[in-house]
Chemist: 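If you scroll down you'll find the structure; I have some questions about it.
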Amino acid sequence: MTEFTDFAGKIGRTREESTPWWPERREARAGSPNIVIVYMDDMGWSDPGCFGSEISTPNIDALAARGVRLTHYTTHPICSPARAALLTGCNAHGVGTGWLANNHPGYPGYSGELPMDAATLPETLRAAGYATIMVGKWHNTPAADNVPGGNKHNWPAQRGFDTFYGFMDGETHHFFPHRIMLGNELLPMDSYPRDYYSGDDWMDQGIRFVKEVRSSHPTKPFFLYVANNAMHGPLQTKPSDMAKYRGKYDRGWNAVRAERHKRQMDMGLVPPGTRLPDSDPRAPRWEATDPANRPLYARHMETFAGMLDNADQNVGKLIAFLQSIGELDNTIILFSSDNGGTDAGGEHGMVQNNRRYSGLPTQSLEHERTHLHELGGPKSVSLYPTAWGEVSNTPFPSFKTYTGGGGRRVSFIASWPAKIKDTGAIRRQFMHVIDVMPTLLELAGVPRLEQSHSLPARPFDGVSCARVLTENAPSPRSEQYYECWSNRAYYRDGWLARSLQIRGDAIDMDNWTLHHIDRDFSESIDLAMQFPDKLKELVEAFDQAAWKHFVYPLDNRTRPGKFGDAPAFLRERSNHARRFLPGQQTVHRSDVIPMVSNRTFSITVRFAQRAGDAGVLWALGDIIGGMVMYVESDRLNFHYNGFSEAQDLPPVELPPGAHAATLEYAALGERRGRGRLLLDGQEKVGWRDLSPTLMVGIFEGLDIGLDRRAPVYWELYERHGAYPYSGEITDVSIVPGERAAN
């Protein structure tokens with residue numbers, strides 16, 4: 001018979017002869033603090049007001065006034081690695097996340113997959129009796145497993161979060177998120193309210209989930225991870241938030257950067273005499289720019305400022321809620337960013353930034369100026385100019401993905417009114433992102449897990465800095481390696497060696513510079529010639545750490561090359577024809593974009609048309625790029641959105657009856673393509689230019705029978721919304737062909 005070996009009661013023949021027993025429930029210790037991490041994306045060191053900015057962030061500033069600010073907190077300088085380190089307490093390469101989780105080039109430090117023996121922060125807190133909640137951006141699962149048919153072992157719900165509401169990828173549209181998940185399921189959402197904005201949604205849902213925990217269990221501590229996708233591109237903001245900053249940046253980036261630097265010195269954030277480094281060569285002096293372009297440049301920064309203003313409002317919403325339930329004092333709140341501001345927008349910024357993922361050239365300045373009015377709104381997917389990224393990172397040089405201060409040094413605020421008493425203080429001790437998890441566990445009195453998914457749990461690379469926050473004790477950390485996209489650095493005892501690369505060029509293994517941060521806060525003076533032995537020591541230390549943590553091999557290819565990496569099975573899967581059925585949710589972009597990416601293909605839809613039937617037959621892609629076939633006024637229509645280069649094929653009269661409509665597409669090389677339209681096997685529209693070919697950079701996948709969420713064709717959306725087809729669709733088939741040679 002079955003034995004209940006862990007049953008401590010007694011089972012007799014009757015209830016009277018038996019003794020009941022209940023296993024002890026896992027409960028957190030009494031008085032355990034709640035834990036909240038508000039994690040920003042691509043926010044530079046100086047962007048919050050309390051770190052020197054002119055942007056209005058009263059709620060973030062109030063958080064700093066109730067807690068402490070760290071001025072020498074560092075991170076892995078790109079999103080997936082920083083988030084992996086935050087959630088595991090381990091160096092990112094050592095947990096398979098040396099670069100973005102999107103691709104897998106076949107090396108252990110870059111698989112994009114968190115090892116199962118690396119216990120995560122939510123797994124550890126849940127084991128200690130915490131409710132664990134995440135909203136926003138995950139970006140720690142490989143693209144091959146992000147799809148519905150993928151392995152879900154590394155999804156948020158499987159890595160410790162009781163509740164997950166957000167998106168799995170690295171970026172999304174702020175007005176039309178492409179795939180909002182609730183746990184493991186895609187929310188069945190065809191369209192968003194016209195006033196929808198993702199930052200508001202993340203915080204509203206996070207607060208809702210905490211309310212539900214409180215209604216069920218009044219004393220259970222919670223961990224809330226608010227993983228924002230602000231300030232990541234596309235830079236999009238609500239009109240009311242952007243309006244606050246109209247005209248505020250007309251004086252230009254040099255003036256704003258200098259003003260931030262002065263405020264930082266006046267606030268005591270940076271040591272007296274801290275030098276403002278020379279500007280990056282890609283950031284021209286404002287006075288040297290064409291006056292005709294300055295309104296465009298200023299609008300980019302107005303958008304950015306409005307986004308951060310909105311994020312601050314949502315921080316205020318959270319704090320007000322915690323106050324209303326009487327739990328602010330016993331809640332640890334950490335506010336920081338995954339990396340610094342980016343240089344990726346180029347000299348002029350871009351209204352349609354995602355063209356760069358696809359390797360397409362920037363559009364003309366005339367085109368950019370013509371579309372200035374769209375900046376910040378749902379029709380743009382913009383990114384600010386490089387010079388504004390430099391402003392974000394004041395007073396440091398360099399940017400996101402680089403290992404200079406602008407990439408790896410970010411603002412950090414810790415608040416815990418019950419235990420941090422020297423409120424408003426500035427901490428200058430060194431701390432790294434891998435220290436966050438062990439620090440929080442010590443503060444909360446939670447032991448690290450001995451086992452993770454039936455494996456012995458690997459030790460932390462990080463150390464607890466709890467006493468740094470609560471007692472202003474010396475930092476237990478004295479050194480750290482950094483690597484991102486072949487840029488390298490090593491910090492030890494106040495000295496930093498760094499090597500920055502030109503993206504796409506051969507890697508220069510020897511172009512190290514040396515900086516004494518204890519005397520040169522802004523990393524602006526190279527001492528390599530004066531202290532060659534110190535430089536040699538740090539370079540050797542980097543090499544030892546790189547071998548230990550799976551940093552090698554370095555890869556300095558540009559985005560299209562790196563994004564093209566995929567396991568052989570994934571490449572092979574995209575080479576076979578596939579049939580898609582109506583009634584399903586949007587097909588994931590990773591399942592369909594490779595079937596049409598810079599290659600020849602055909603897409604056929606079988607449907608039955610009655611007189612007057614109308615709507616979208618299929619749509620692939622979104623505002624960024626894609627194509628849509630639809631019926632309107634008894635005519636078959638096709639619209640091609642080549643990363644904002646639009647083409648329409650002539651409409652075709654559509655009589656009632658059963659039909660098969662086919663788009664045949666030929667990729668011609670050099671990103672050129674042409675297409676023709678067939679109805680029931682007969683050519684109705686001959687070959688027409690449909691360039692450029694589609695590639696990565698698109699958020700949405702394939703919709704059948706409507707165009708959900710972000711539309712491919714904005715004017716059609718304005719007329720009809722998602723425009724569900726009123727007739728009957730049998731299926732949609734995609735047949736991939738030869739890939740273009742270039």
Chemist: Using 0.5 Å steps for rounding, measure from the CE atom of M43 to the CG atom of N228.
Modeler: 9.5 Å
Chemist: Apply side-chain contact (heavy atoms from CB on, under 4.5 Å) to T303 and Q236, showing your working.
Modeler: CA-CA 6 Å; T303 299; Q236 297 167 326; 5.6 Å; no
Chemist: For R263 and S53, work out which heavy atoms get closest and say how close.
Modeler: NH2-C, 3.7 Å
Chemist: Test I729 against every option in V616, L581, I704 by the side-chain contact (heavy atoms from CB on, under 4.5 Å) rule and name the one that passes.
Modeler: I704
Chemist: Using only atom types and a distance under 3.5 Å, with no angle test, would you say the side chain of D707 pairs donor to acceptor with the backbone of Y717?
Modeler: no
Chemist: Does R294 reach the main-chain N or O of W286 with its side chain, forming a donor-acceptor pair under 3.5 Å?
Modeler: yes
Chemist: A quick test of your reading: do over 12 heavy atoms of other residues, nucleotides or ligands sit less than 6.0 Å from CD of Q584?
Modeler: yes
Chemist: What orientation do Y249 and W388 show, parallel under 30°, tilted 30 to 60°, or perpendicular over 60°?
Modeler: perpendicular
Chemist: Could you go through the side-chain contact (heavy atoms from CB on, under 4.5 Å) check for K400 and I78 one step at a time?
Modeler: CA-CA 6 Å; K400 170 187 177 179; I78 196 170; 4.0 Å; yes
Chemist: Are W714 and N641 linked by a side-chain donor-acceptor pair shorter than 3.5 Å?
Modeler: no
Chemist: Determine the sole option in R708, R589, R179 for which the salt bridge (charged side-chain N to carboxylate O under 4.0 Å, His left out) test with D703 is passed.
Modeler: R708
Chemist: Please say whether more than 12 non-hydrogen atoms of neighbouring residues, nucleotides or ligands are located less than 6.0 Å from CD in E728.
Modeler: no
Chemist: Does the side chain to side chain donor-acceptor pair (under 3.5 Å) test come out yes or no for D47 and S392, once each step is laid out?
Modeler: CA-CA 5 Å; D47 282 328; S392 287; 3.1 Å; yes
Chemist: Are P177 and Y196 close enough that some pair of their side-chain heavy atoms sits under 4.5 Å apart?
Modeler: yes
Chemist: Test your reading of the model: is there a side-chain donor-acceptor pair from H720 to the backbone of G615, 3.5 Å cut-off?
Modeler: no
Chemist: Would the distance check show the side chain of T75 and the main-chain N or O of A82 forming a donor-acceptor pair, the cut-off being under 3.5 Å?
Modeler: no
Chemist: Are Q363 and Q352 close enough, and set up right, to give a side-chain contact (heavy atoms from CB on, under 4.5 Å), and what steps lead you there?
Modeler: CA-CA 9 Å; Q363 293 176 301; Q352 299 297 339; 4.2 Å; yes
Chemist: Is it true that D162 and R126 make a salt bridge, defined as a side-chain N closer than 4.0 Å to a carboxylate O?
Modeler: yes
Chemist: Are there more than 12 heavy atoms of other residues, nucleotides or ligands under 6.0 Å from atom CD of E366?
Modeler: no
Chemist: Report the C-alpha distance between E54 and E259 in whole Å, list the side-chain angles of each, state the deciding distance to 0.1 Å, and finish with yes or no for side-chain contact (heavy atoms from CB on, under 4.5 Å).
Modeler: CA-CA 8 Å; E54 70 295 331; E259 290 162 5; 5.6 Å; no
Chemist: Classify the angle between the aromatic ring planes of Y630 and Y723 as parallel (below 30°), tilted (30 to 60°) or perpendicular (above 60°).
Modeler: tilted
Chemist: Main chain of P692, side chain of Y640: is a donor-acceptor contact present, judged purely on distance under 3.5 Å?
Modeler: yes
Chemist: Is the backbone of F321 close enough, under 3.5 Å, to the side chain of S324 for a donor and an acceptor to pair up by distance?
Modeler: yes
Chemist: Given 3.5 Å as the limit, does a donor-acceptor pair link the side chain of R355 with the main chain of F643, or not?
Modeler: yes
Chemist: Quick one: does N354's side chain have a donor or acceptor within less than 3.5 Å of a partner on G697's backbone?
Modeler: yes
Chemist: Is a donor on one side and an acceptor on the other found under 3.5 Å between the side chain of D41 and the backbone of D338?
Modeler: no
Chemist: Do N353 and S382 pair up side chain to side chain, a donor and an acceptor below 3.5 Å, judged on atom types alone?
Modeler: no
Chemist: With a 6.0 Å cut-off on ring centres, are F580 and W618 close enough?
Modeler: no
Chemist: Main chain of K220, side chain of R214: is a donor-acceptor contact present, judged purely on distance under 3.5 Å?
Modeler: yes
Chemist: Determine whether the aromatic ring centres of residues Y130 and F223 are separated by less than 6.0 angstrom.
Modeler: no
